[in-house]
Amino acid sequence: MKRMKVFLLMTLITVLVLQACSTASNKSAEGSNEGSKSVGGELVVLRASDATSLDPHFITDIPSANIIHGKVYETLVAFDRDRKIAPLLAKEWEQKDDVTWTFTLNEGIKFHDGADFNAEAVKATFDRILDPETGSPQRDKLSMISEVVVDDTYVVTMKLKEPYAPLLSILASQEGSMISPKAIAEAADELATHPVGTGPFVFDAWKSGQEITLNSNKDYWGTVPKVDKVTFKVVPEDSTRLAMIESGEAHIAEQVPVTEIDRIENSSTMNLFRAEGLAVEFIGFNVKDELLSDVKVRQAISYAVDREAIISGIYDNVGTLANSAMSPKIIGYSSETKPYDYDVVKAKELLKEAGVKEGTKVKLLTSDRKERINMAEVIQSQLKGIGLDVDIQVMEYGAFISEITKEQHQIFISGWGNATGDADYNQFNLFHTASMGPPGNHFYYSNPEIDKLIEQGRSESNQEARNEIYKKAMQMELDDAVYIPVRNYEHLAVYSNAVKGFWLDASNYTMISGVEIVE
């Protein structure tokens, strides 16, 4: 039996963590602001769209999780700024064997509704997400857990169905958020609009389509935030968000058009934060659609899209050309996987073989982000060159998420933001049959051989063997033309001179617990 105290764990899991460094061009948000003083007050964070839910067991997108993860809710363990696993609600842990993990919890912590955080609370949280009756789309992400056992008031054991190499990384993600057992018992249906955690901020109000407000938790068990209140304000227009930062009306904007980078970097009142991301942007196919169920049609479209032109023309080379649905920063990534080359002649040949007539109509769905609308227009033009008539459908982000979970779409532009830094989070959620629909498999792709490989990757403890498993699976998915990889993300945010202590992590979470507003 090997005791995994925190200091040992940091060394042993190096293979399961990754660096999430920011690019050198960042202006520091950590500066001393010499001569200024912290004023508390309200931190205003601008975002392009509203959240879809505030219940971590039902959130399936990082923009929604960003409101509550690490703010209202906390996890047993967490990623530090270097993406290493660190203690949080659990102060230490022990892996007793391949399928048994015991966690010793910090004492004296309260949920925002006054309930005690203890082993019973941990069990209540996991029992809820794992109960089929709950209907959580996140259930399969934690389905390796067979039982949570209360050993003592502050000691809890997780028993797994099989070995699961990246357990700590999934426990550190928003799916591992600890929810008040009182709220689960008395008002579980209200968690979607009224989250109750242990974090540094307490939920205040949600004006749908307008803003979500959090208040500083003055009784927080850790370091109390230096701001009194945080307001996440919905401002769909890119230019308006930027103008509000520039004028001092707001402090942080989470989405930055690449066309505005020069303006921000030359501004005396705005600063740009850049962080290499874990996410990948892609063009996806609903493989159950009558037209797109033919692999030759999907292959033809894959050959017809000039991905490099999109990176340079739409994104001004912010981010890098992707070769799979997995970022190079993810554990399990392979540089050897190969998507389809740009080859219009081959594309036309395949469409002819598939019996697709010139002028055939196909729908392309995208959210209302400026760059994605521009990308859709480029794709429309490129596919016209092989005889396809593309109808672009633009939806607000929440409506877009709803649409792709209904299985009615054809081609769509989307992305997958890895929250754990491990390949399993990509592979299981995007391509496993069990993840069809809300969990993330919006391709509606089902391949028993792929399912088997993904399950092998989950249980394999040798990282080199895992890498080979994922490389094989990723190439098969590319060969099946399930999607077209486009761009490895570089996350951008803009913040005002009045902000100190802000940063983005590699999952694109806005890290504000240590933020100060200064004057």
Side-chain angles (χ1 to χ4, degrees), residues 47-69 128-143 173-175 177 188-189 191-193 208-209 234 279-293 298 325 362-369 372-373 376 391-419 425-447 450-451 454 477 482-484 507-508:
R47 55 207 331 261
S49 56
D50 205 358
T52 57
S53 174
L54 299 180
D55 185 337
H57 292 173
F58 287 85
I59 289 174
T60 57
D61 61 289
I62 283 181
S64 295
N66 200 5
I67 298 288
I68 57 172
H69 181 56
R128 178 183 186 243
I129 193 171
L130 294 173
D131 184 354
E133 293 297 318
T134 301
S136 169
Q138 304 288 31
R139 179 174 178 265
D140 284 324
K141 294 179 183 177
L142 292 160
S143 61
S173 70
Q174 78 93 21
E175 292 87 349
S177 298
D189 291 343
L191 287 168
T193 55
S208 182
V234 178
V280 170
E281 199 155 28
F282 57 78
I283 302 160
F285 301 107
N286 175 2
V287 302
K288 286 191 174 182
D289 175 76
E290 183 177 359
L291 175 66
L292 300 172
S293 62
R298 302 195 303 269
V362 63
K363 293 179 180 179
L364 173 59
L365 178 66
T366 181
S367 62
D368 55 1
R369 284 178 55 182
R372 288 192 177 173
I373 294 172
D391 175 23
I392 297 174
Q393 299 175 303
V394 180
M395 291 187 174
E396 180 274 330
Y397 184 72
F400 169 81
I401 292 294
S402 177
E403 186 71 10
I404 60 177
T405 61
K406 294 177 181 176
E407 203 179 318
Q408 302 301 311
H409 58 294
Q410 288 187 295
I411 307 174
F412 63 107
I413 300 173
S414 190
W416 186 254
N418 191 300
Y425 199 89
N426 283 78
Q427 286 294 297
F428 191 89
N429 297 312
L430 284 176
F431 301 107
H432 196 281
T433 301
S435 297
M436 281 187 184
N441 183 351
H442 301 131
F443 316 112
Y444 295 89
Y445 176 67
S446 178
N447 183 326
I450 290 289
D451 288 351
I454 292 170
E477 293 149 7
V482 180
Y483 68 101
I484 306 170
S507 293
N508 204 26

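Keep in mind the model is a prediction, meaning the values are calculated, not measured.
- Side chain of S435 to backbone of F428: a donor-acceptor contact under 3.5 angstrom is found.
- Classified by interplanar angle (parallel below 30°, tilted 30° to 60°, perpendicular above 60°), the ring pair F400/F412 is tilted.
- Counting heavy atoms from C-beta outward, T60 and H442 have side chains that stay 4.5 Å or more apart.
- Between the NZ atom of K141 and the OG atom of S136 there is a distance of 8.5 Å, given to the nearest 0.5 Å.
- Considering only heavy atoms from C-beta on, F58 comes within 4.5 Å of T134 through its side chain.
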Atom pairs and distances, donor-acceptor, side-chain atoms in residues 280-290, under 3.5 Å, two or more places apart:
residue: E281; atom: OE1; partner: Y315; partner atom: OH; Å: 2.8
residue: E281; atom: OE1; partner: R487; partner atom: NE; Å: 3.1
residue: E281; atom: OE1; partner: R487; partner atom: NH2; Å: 3.3
residue: E281; atom: OE2; partner: Y315; partner atom: OH; Å: 2.9
residue: E281; atom: OE2; partner: R372; partner atom: NE; Å: 2.5
residue: E281; atom: OE2; partner: R372; partner atom: NH2; Å: 3.2
residue: N286; atom: OD1; partner: K288; partner atom: N; Å: 3.0
residue: N286; atom: ND2; partner: E407; partner atom: O; Å: 3.2
residue: N286; atom: ND2; partner: H409; partner atom: O; Å: 2.9
residue: D289; atom: OD1; partner: Q410; partner atom: NE2; Å: 3.3
residue: D289; atom: OD2; partner: L291; partner atom: N; Å: 3.1
residue: D289; atom: OD2; partner: L292; partner atom: N; Å: 3.2
residue: D289; atom: OD2; partner: Q410; partner atom: NE2; Å: 3.1

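- Shown here for G209 and D50, the closest heavy-atom pair between the two residues is N-OD2, 2.5 Å.
- Nearest approach of A434 to P439, heavy atoms of both residues: O-CG, 4.5 Å.
- The shortest non-hydrogen separation linking Q138 to I129 is CB-CD1, 3.8 Å.
- Side-chain contact between H432 and D140: absent, with no pair of heavy atoms (C-beta onward) separated by less than 4.5 Å.
- The distance from the CD1 atom of I450 to the CZ atom of F431 is 8.5 Å, given to the nearest 0.5 Å.
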- Task: Walk me through it: do R47 and I67 pass the test side chain to side chain contact (heavy atoms under 4.5 Å, CB included)?
- Result: CA-CA 10 Å; R47 55 207 331 261; I67 298 288; 3.6 Å; yes
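- Residues passing the salt bridge (charged side-chain N to carboxylate O under 4.0 Å, His left out) test with R298: none are found, sequence neighbours excluded.
- A distance of 11.5 Å separates CE in M436 from CZ in F443, rounded to the nearest 0.5 Å.
- In plain terms, the two heavy atoms of G417 and A279 that are nearest each other are CA-CB, 3.6 Å.
- Under the 3.5 Å distance criterion, the side-chain polar atoms of N426 are matched with a main-chain donor or acceptor of A325.
- In this structure, S446 and T433 approach most closely via the heavy-atom pair OG-OG1, 2.7 Å.
- A51 and S64 get closest at one heavy-atom pair: CA-OG, 3.5 Å.
- Between Y397 and D61, some side-chain heavy-atom pair lies under the 4.5 Å cut-off.
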- Stepwise side chain to side chain contact (heavy atoms under 4.5 Å, CB included) check, I59 with I68: CA-CA 10 Å; I59 289 174; I68 57 172; 3.5 Å; yes
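- In this structure, I401 CD1 and S367 OG are separated by 8.0 Å, a value rounded to the nearest 0.5 Å.
- Under the 3.5 Å distance criterion, the side-chain polar atoms of W416 are left unmatched by any main-chain donor or acceptor of Q427.
- Atom CE of M395 and atom CD1 of I404 lie 10.5 Å apart (nearest 0.5 Å).
- You'll find the side chain of I411 reaches within 4.5 Å of the side chain of V362, heavy atoms only.
- Atom CD in Q393 sits 10.5 Å away from atom OG1 in T366 (nearest 0.5 Å).
- Counting only distance, with no hydrogens or angles, the side chain of Y444 and the backbone of T405 share a donor-acceptor pair below 3.5 Å.
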